[in-house]
Amino acid sequence: MFKPVSAKEERLLPVYVYGSESLEHQAQISRGKGFMLHSQISVCYSGEGVFTDHNNVSHKVQSGDIMYFTSATSNSYKPTSVPWKTDYIVMGGYALIELMMFLGYSKSGVIHLTENIKEKVYQNFKKIIELNNSNTENAHSICSRLLYTVLFDIASCIEGNPNNDKANLIKPCIDYIKSNYMHDISISALAEMIKVTPTYLGIIFKKVYNITPQKFLTNIRIENSKQLLVSNKNMSLSDVAINSGFNSESYFCNTFKKYIGITPTEYRSINTFGEI
C-alpha cells in the first residue's frame, strides 16, 4: 500500500522518500505533466513493459531495468506481458534534482542495471519500502540514506556517466554556481572561468547534464527557494526571491510556476501542512 510521508521535518531532508510500494502487476499509467512536486524511480523484477519518456521515445522495460522521471515531466508506461512485477519509490527534497543532474540522470528514461549492482539495488528498494511502511524510529532518515545509495548505484549504470573529463572540466563552474547562485552570474563569466567560449560551455553542459548552463543555474535557484519557502514560513516572497538569486518577486513567481507547475504560495501551503 502506498504510504506518503506526513511530517514536515521529513520533507525538509535534502532527499526524502515520499512514498513507496511493491506491485505484483504494474498497471498502465499515463501522466501528461508528471508529478508536480515529486520524482519517481521504479525497478522491474519480472515481465516486460514499455516506458515512454518526455521526448515521446519508447523504451523496452524488462527484468533488471529502472524507469525514472523527475518532477513536472510527462511519462507513461504499460505492461506488454503479465504479470509485470515492479517496486516504485516516489521521492522529493530540495537537493534531489541537483543531485540527479549531477549523477547524469536526464528528465526521464530507462537504465539497465549491471549484474554487479542489481542485487544491491533490489535489496535497498525492499528495505526502503519495508521501512517506509513501518513505525520504526527515524525510518525517514534511514530511508533518505538508503535512497542516496540507490541513486548513486543506479547512476553507475548510466551509459556516459558524467564522471568523466567533461564533468571535471566544468566542476569549477558547478561549484561557483552552488556557492553564488544568490548573486548575478553570467554565462560568459562561467565560460571565462575555465577558459572556453560560452557556446562551448553550453555544449559541455548539454553533453554532461542534458541541460543548458542557464537552466542549471535556474534549477539551483528554484531548489533553494523551495527550501526557504518551507523552512522560513514567515519570509516574504520578495525576500525568498532575492535570497535565491531572482531580481524581482514577479520574475521569481513566474519562473517558479513555469518550472514547478504551481505558485510559490501554493507550494508553501502544500508543504507546511497546518502551520500557516
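Numbering of residues begins at 1 and proceeds along the displayed sequence. Source: prediction; values computed, not measured. No hydrogens, no waters, no symmetry mates; every other heavy atom, side chains included, goes into these values.
- There is no path of hydrophobic side-chain contacts, each under 4.5 Å, that joins Val57 to Ile211.
- Counting only distance, with no hydrogens or angles, the side chain of Asn75 and the backbone of Thr73 share a donor-acceptor pair below 3.5 Å.
- Summarising the geometry of Tyr88 relative to Ser42, their closest heavy-atom pair is CB-OG, 3.2 Å, with the distance given to 0.1 Å.
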From CA spacing to verdict: side-chain contact (heavy atoms from CB on, under 4.5 Å), Ser39, Leu96: CA-CA 9 Å; Ser39 304; Leu96 177 63; 3.8 Å; yes
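- Judged purely by atom type and a 3.5 angstrom limit, Thr136 has no side-chain atom pairing as donor or acceptor with the backbone of Ala139.
- For Phe69 and Phe35, the distance between ring centers is under 6.0 angstrom.
- Residues Ile154 and Leu103 form no side-chain contact, since every pair of their non-hydrogen atoms from C-beta on lies 4.5 Å or further apart.
- Checked by atom type, the side-chain pair Glu24/Ser22 shows no donor-acceptor distance below 3.5 Å.
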Could you go through the side-chain hydrogen bond (donor to acceptor under 3.5 Å, both in side chains) check for Glu223 and Ser225 one step at a time? CA-CA 5 Å; Glu223 291 305 313; Ser225 73; over 6 Å; no
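- Within the model, atoms CE of Met91 and OG of Ser144 stand 11.5 Å from one another, a figure rounded to the nearest 0.5 Å.
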Give the C-alpha distance, both sets of side-chain angles, the deciding distance and a yes or no for side-chain hydrogen bond (donor to acceptor under 3.5 Å, both in side chains) between Asn132 and Ser20. CA-CA 7 Å; Asn132 192 54; Ser20 58; 3.2 Å; yes
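- Within the model, atoms CD1 of Ile89 and CD1 of Ile129 stand 6.0 Å from one another, a figure rounded to the nearest 0.5 Å.
- Other residues, nucleotides and ligands contribute only 12 or fewer heavy atoms inside 6.0 Å of the NZ atom of Lys258.
- A donor-acceptor pair is defined here as one N or O able to donate and one able to accept, closer than 3.5 Å; no such pair exists between the side chain of Arg268 and the backbone of Val230.
- Other residues, nucleotides and ligands contribute over 12 non-hydrogen atoms within 6.0 Å of the NZ atom of Lys118.
- Between Pro213 and the options Ile187, Ile177, Ile170, a side chain to side chain contact (heavy atoms under 4.5 Å, CB included) holds for only Ile187.
- Among pairs with a residue in residues 55-65, those fulfilling side chain to side chain donor-acceptor pair (under 3.5 Å) read Thr52-Ser58, Asp53-His59, Asp65-His112, at least two apart in sequence or across chains.
- Side-chain atoms of Asn224 and Ser244 form a donor-acceptor pair, as typed in the model, at a separation below 3.5 Å.
- With sequence neighbours left out, the ring pair (Phe, Tyr, Trp, His ring centres under 6.0 Å) criterion links Tyr259 to no other residue.
- A donor and an acceptor atom, one from each side chain of His183 and Tyr176, are nowhere located under 3.5 Å apart.
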If you apply the rule side-chain contact (heavy atoms from CB on, under 4.5 Å), what do you find for Val150 with Ile128, and how did you get there? CA-CA 10 Å; Val150 166; Ile128 288 172; 4.2 Å; yes
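- In this structure, Glu48 and Pro79 have side chains that are not in contact, with every pair of non-hydrogen atoms separated by 4.5 Å or more.
- Nearest heavy atom pair, residue Gly47 against residue Cys44, reads O-SG, 3.7 Å.
- Looking at His25 and Val82, their side chains come closer than 4.5 Å, going by heavy atoms from C-beta outward.
- Looking at residues two or more places apart in sequence or on another chain, you find no side-chain hydrogen bond (donor to acceptor under 3.5 Å, both in side chains) involving Lys206.
- Taking the side chain as every heavy atom from C-beta outward, Ile66 and Val110 never approach each other to under 4.5 Å.
- With hydrogens and angles ignored, the 3.5 Å screen pairs no side-chain donor or acceptor of Asp239 with any backbone N or O of Met235.
- Residues passing the side chain to side chain contact (heavy atoms under 4.5 Å, CB included) test with Ile242, sequence neighbours excluded: Ser238.
- Between His38 and Tyr18, the angle of the ring planes stays under 30°, which puts this pair in the parallel group of the 30/60° scheme.
- If you check the side chains of His54 and Ser108, you find a donor sitting under 3.5 Å from an acceptor.
- Panel note: side chain Arg221, backbone Tyr181; a donor-acceptor pair is recorded below 3.5 Å.
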side-chain contact (heavy atoms from CB on, under 4.5 Å) between Ile262 and Tyr267, worked out: CA-CA 7 Å; Ile262 58 177; Tyr267 181 87; 3.9 Å; yes
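- Enclosure of atom CG in Asp184 is not indicated, since only 12 or fewer non-hydrogen atoms of other residues, nucleotides or ligands lie within 6.0 angstrom.
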Could you go through the side-chain hydrogen bond (donor to acceptor under 3.5 Å, both in side chains) check for Ser188 and Ser186 one step at a time? CA-CA 5 Å; Ser188 296; Ser186 71; 5.0 Å; no
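- Separating the CG atom in Leu237 from the CG atom in Leu228 is a distance of 11.0 Å, to the nearest 0.5 Å.
- Minimum heavy-atom separation, Asn180 to Ile185: O-CD1, 3.3 Å.
- In this structure, the side chain of Ser134 engages the main chain of Leu131 through a donor-acceptor pair within 3.5 Å.
- Atom CD of Gln123 is separated from atom NZ of Lys127 by 6.0 Å, given to the nearest 0.5 angstrom.
- Between Met67 and Tyr77 there is a side-chain heavy-atom pair separated by less than 4.5 Å.
- Note that CD1 of Ile29 is 5.0 Å distant from CZ of Arg31, once rounded to the nearest 0.5 Å.
- Rounded to the nearest 0.5 Å, atoms CD1 (Ile194) and CG (Leu201) are 5.0 Å apart.
- Follow the hydrophobic side-chain contacts under 4.5 Å out from Leu99 and you reach Ile111 in the same cluster.
- Ser248 and Ala241 get closest at one heavy-atom pair: O-CB, 3.9 Å.
- Residues satisfying the side chain to side chain contact (heavy atoms under 4.5 Å, CB included) test with Lys257, not counting sequence neighbours, are Thr263.
- At least one side-chain heavy atom of Val61 sits under 4.5 Å from a side-chain heavy atom of Trp84.
- For the ring pair (Phe, Tyr, Trp, His ring centres under 6.0 Å) test, residues two or more places apart in sequence or in another chain that qualify with Tyr68 are Tyr105.
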Please report the C-alpha distance between Phe256 and Thr218 in whole Å, then the side-chain angles of each, then the deciding distance to 0.1 Å, and finally whether the side-chain contact (heavy atoms from CB on, under 4.5 Å) criterion is met. CA-CA 9 Å; Phe256 192 97; Thr218 302; over 6 Å; no
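- Looking at heavy atoms from C-beta onward, Ile117 lies out of side-chain contact with Tyr122 at the 4.5 angstrom threshold.
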